[in-house]
Amino acid sequence: MAHSAANHHPCGSPATATLWMVASALSFSLMGVCVKQVGGRLPVAEVVLARAW
């Protein structure tokens, strides 16, 4: 039986894609917390470089 392109999910399943999206949101939130913590101790250029990396 051939699979159609409409039923193919590159992440495996919608549940897996949802988990990846939640993990992404959590990591962006964690990055924001870390930037707030080091914001007063590091020069702005270093913080910008770390966020862009």
Side-chain angles (χ1 to χ4, degrees):
M1 175 163 41
H3 294 284
S4 68
N7 292 331
H8 178 69
H9 297 282
C11 293
S13 71
T16 304
T18 302
L19 289 174
W20 278 111
M21 291 176 70
V22 169
S24 173
L26 288 174
S27 61
F28 273 107
S29 297
L30 182 61
M31 179 185 64
V33 168
C34 291
V35 167
K36 297 281 186 193
Q37 291 297 317
V38 300
R41 292 181 269 168
L42 293 177
V44 174
E46 287 184 26
V47 175
V48 170
L49 178 65
R51 288 183 79 176
W53 185 9

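Between V48 and V44 there is a side-chain heavy-atom pair separated by less than 4.5 Å.
Under the 4.5 Å side-chain heavy-atom criterion for Ile, Leu, Val, Met, Phe, Trp and Tyr, F28 and V35 are members of the same hydrophobic cluster.
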>> For S13 and T16: C-alpha separation, side-chain torsions, deciding distance, then whether side-chain hydrogen bond (donor to acceptor under 3.5 Å, both in side chains) applies.
In response: CA-CA 5 Å; S13 71; T16 304; 3.0 Å; yes
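Looking at S24, its side chain never comes within 3.5 Å of a backbone N or O of W20 through a donor-acceptor pair.
Around CE of M31, the count of heavy atoms belonging to other residues, nucleotides or ligands within 6.0 Å exceeds 12.
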